[in-house]
Amino acid sequence: MTKTILLIHGAWVTRESWAHFRGYYEERGYHCVAPAWPFVDRPAAQLRESPNPQLAGLTIGQLVDYFEQQVRALPEPPILIGHSFGGLIVQMLLDRGLGAAGIAIDPGPPRGVLPSPIALWSALPVLLSWFGWRRILSMSFASFSTTFANALKPSERQAAYDAHIVPAPGRIYFQAALGIGNAVNFANPQRAPLLLIAGAEDRTVTLSMVKAMYRKYRPSPARTDIVSFPGKSHWLIAEPGWEVVAAKALDWAEAQLHPDDAWQREQACAT
């Protein structure tokens, strides 16, 4: 069984968003790797003040290729865990035959899964940005509070925003909206097991969207599971209660890598 975990962060944040998960998994004996996205490899304050101009041209395909290189550089196939856009990247890496198992947390949708009305409303600041597909965009504190960390206590939101939120490439959002470069073969019988995790109060990738992804994967004989967490927002990897999410993800992955332990697998997949 692999003892390596590759953590893939999403847009608007840095690798530091995985600090809680990484510490938790390392305490359980895992070697955790959490690479920064290309051009997002500096502290949050520096990235906000002077983002790398090359970030504007970053595409979904380049991100997936970059993380494929990270996976292939590891000594063993890792458990892949991704959040938000990182969850989309996990799905695409699994489709390429990579990873021992994959967990996609509040994942960006592959082509063929439409945004819900709430998610579309949440994305409007990006999609209505002037020439947004070729610019580096910023998330406002208001958007963070209402669509990203809406389950976080109001008194905690400013500190979380200051610590984690950074500019992101608008191009990847326009690609996702138009279904460019984000396709997977939902029926792929060869991919590793996949767990889709949703926050029931997520307004960026709603529970209905994660359920739609799950339905898309049904034609595949490869194992796919889904679990949702009540009261959790898109920021469920770092808001209070993150431990429950981290534990469920790893328990599920360990169950898949011990296929003879049917009881353990059923316990891990219980919602």
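- Between the CZ atom in Phe148 and the CZ atom in Arg157 there is a gap of 13.0 Å [rounded to 0.5 Å].
- In this structure, Phe174 is a member of the same hydrophobic cluster as Trp130, with clusters built from ILVMFWY side-chain heavy atoms closer than 4.5 Å.
- Ile172 contributes atom CD1, which lies 9.5 Å from atom CG of Leu137 (distance to the nearest 0.5 angstrom).
- Placement of Val244 and Tyr30 within a single hydrophobic cluster is found when ILVMFWY residues are connected by side-chain heavy-atom separations under 4.5 Å, directly or transitively.
- Side chains of Asp65 and Gln69: a donor-acceptor N/O pair is absent below 3.5 angstrom, by distance only.
- The number of heavy-atom neighbours closer than 6.0 Å to CZ of Arg135, taken from other residues, nucleotides and ligands shown, is above 12.
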**Request:** Applying side-chain contact (heavy atoms from CB on, under 4.5 Å), run through Leu6 and Ile81 and close with a yes or a no.
**Result:** CA-CA 6 Å; Leu6 181 71; Ile81 304 179; over 6 Å; no
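- Shortest non-hydrogen contact noted between Gly231 and Ala200 is N-CB, 4.2 Å.
- In this structure, the side chains of Ser145 and Phe141 come closer than 4.5 Å at one or more pairs of heavy atoms.
- The minimum heavy-atom distance linking Gly99 with Pro77 is given by the pair C-CB, 4.3 Å.
- One finds the CD1 atom of Ile89 at 5.5 Å from the CZ atom of Phe67 (value rounded to the nearest 0.5 Å).
- Taken from CD in Gln256 to CD1 in Ile103, the straight-line distance is 9.0 Å, to the nearest 0.5 Å.
- Clustering ILVMFWY residues whenever any of their side-chain heavy atoms sit less than 4.5 angstrom apart, transitively, puts Leu80 in the very cluster that holds Tyr66.
- Taking hydrophobic clusters as Ile, Leu, Val, Met, Phe, Trp and Tyr residues chained together by side-chain heavy-atom distances below 4.5 Å, Leu94 shares a cluster with Val33.
- Counting non-hydrogen atoms of neighbouring residues, nucleotides and ligands closer than 6.0 angstrom, the CD atom of Glu49 reaches no more than 12 such neighbours.
- Counting heavy atoms from C-beta outward, Ile60 and Met92 have side chains that approach closer than 4.5 Å.
- The list of ring-ring contact (aromatic ring centres under 6.0 Å, His included) pairs with a residue in residues 190-224, not counting sequence neighbours, reads Phe186-Tyr217.
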Side-chain donor-acceptor pairs under 3.5 Å in residues 13-21, sequence neighbours left out?
{"unit_1": "Thr14", "atom_1": "OG1", "unit_2": "Glu16", "atom_2": "N", "d": "3.1"}
{"unit_1": "Arg15", "atom_1": "NE", "unit_2": "Ala34", "atom_2": "O", "d": "3.1"}
{"unit_1": "Ser17", "atom_1": "OG", "unit_2": "Thr14", "atom_2": "O", "d": "2.8"}

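- For Gln175 (side chain) and Thr59 (main-chain N/O), no donor-acceptor pair under 3.5 Å exists by modelled atom type.
- Side-chain atoms of Ser116 and Thr206 form a donor-acceptor pair, as typed in the model, at a separation below 3.5 Å.
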**Asked** Would Asp95 and Asn185 satisfy side-chain hydrogen bond (donor to acceptor under 3.5 Å, both in side chains), going step by step from the backbone distance to the final call?
**Response** CA-CA 7 Å; Asp95 194 41; Asn185 176 11; 4.8 Å; no
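- Of the possible donor and acceptor atoms, one in the side chain of Arg203 sits under 3.5 Å from a partner among the backbone N and O of Thr146.
- At distances below 3.5 Å, not a single donor-acceptor pair connects side-chain atoms of Ser143 with backbone N or O atoms of Met139.
- A 4.5 Å side-chain heavy-atom check between Glu68 and Leu98 finds at least one atom pair inside the cut-off.
- Using a 4.5 Å cut-off on side-chain heavy atoms (C-beta onward), His31 and Tyr25 make no contact.
- Hydrophobic cluster membership for Ile180: Leu178 (Ile, Leu, Val, Met, Phe, Trp, Tyr linked by side-chain heavy atoms under 4.5 Å, directly or transitively).
- When each of Asp225, Ile226, Leu236 is paired with Ile197, the side chain to side chain contact (heavy atoms under 4.5 Å, CB included) condition holds for Leu236 and for no other.
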**Message:** One pair to check against side-chain contact (heavy atoms from CB on, under 4.5 Å): Met1 and Glu254. What are the steps and the verdict?
**Reply:** CA-CA 8 Å; Met1 185 179 111; Glu254 289 179 341; 3.8 Å; yes
**Evaluation steps, side-chain hydrogen bond (donor to acceptor under 3.5 Å, both in side chains), between Arg28 and Tyr24** = CA-CA 7 Å; Arg28 289 184 58 166; Tyr24 177 84; 3.0 Å; yes
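- The two residues Glu156 and Pro240 make their nearest non-hydrogen contact at OE1-CG, 4.1 Å.
- A donor-acceptor pair under 3.5 Å is formed between the side chain of Ser220 and the backbone N or O of Asn188.
- You'll find the side chain of Leu58 reaches within 4.5 Å of the side chain of Leu63, heavy atoms only.
- Hydrophobic cluster membership differs between Trp121 and Phe144, with clusters built from Ile, Leu, Val, Met, Phe, Trp and Tyr side chains linked at under 4.5 angstrom.
- Closest heavy-atom contact between Ala160 and Leu152: CB-CD2, 3.9 Å.
- Two residues are said to be in side-chain contact when any heavy atoms from C-beta on lie closer than 4.5 Å; Ser84 and Asp106 fail this criterion.
- For Arg111 (side chain) and Gly181 (main-chain N/O), no donor-acceptor pair under 3.5 Å exists by modelled atom type.
- Residues Val90 and Pro107 have side chains not in contact (no heavy-atom distance under 4.5 Å, counting atoms from C-beta outward).
- Contact detail for His234 and Asp202: the closest heavy-atom pair is ND1-OD2, 2.7 Å.
- Residues Asn150 and Trp235 form no side-chain contact, since every pair of their non-hydrogen atoms from C-beta on lies 4.5 Å or further apart.
- To the nearest 0.5 angstrom, Leu7 atom CG is 12.5 Å from Gln70 atom CD.
- The closest side-chain donor-acceptor pair between Ser233 and Glu201, if any, does not fall under 3.5 angstrom.
- In this structure, the side chain of Trp37 engages the main chain of His9 through a donor-acceptor pair within 3.5 Å.
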**Request:** Could you give me the CA-CA distance, side-chain angles and deciding distance for Leu194 and Arg223, then say whether side-chain contact (heavy atoms from CB on, under 4.5 Å) is met?
**Result:** CA-CA 6 Å; Leu194 169 64; Arg223 187 175 183 109; over 6 Å; no
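- Of all heavy-atom pairs between Asn52 and Phe39, the closest is ND2-CD2, 3.6 Å.
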**Intermediate values then yes/no, side-chain contact (heavy atoms from CB on, under 4.5 Å), Val227 and Trp252** = CA-CA 10 Å; Val227 63; Trp252 175 89; over 6 Å; no
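- The distance from the OG1 atom of Thr2 to the CD1 atom of Ile79 is 6.0 Å, given to the nearest 0.5 Å.
- Centroid-to-centroid, the aromatic rings of Tyr173 and Phe85 come within less than 6.0 Å.
- A cation-pi arrangement is present between Arg134 and Phe131 under the rule of less than 6.0 angstrom and at most 45 degrees off the ring axis.
- Defined by atom type and a distance below 3.5 Å, a donor-acceptor pair is present between the side-chain atoms of Arg191 and Thr224.
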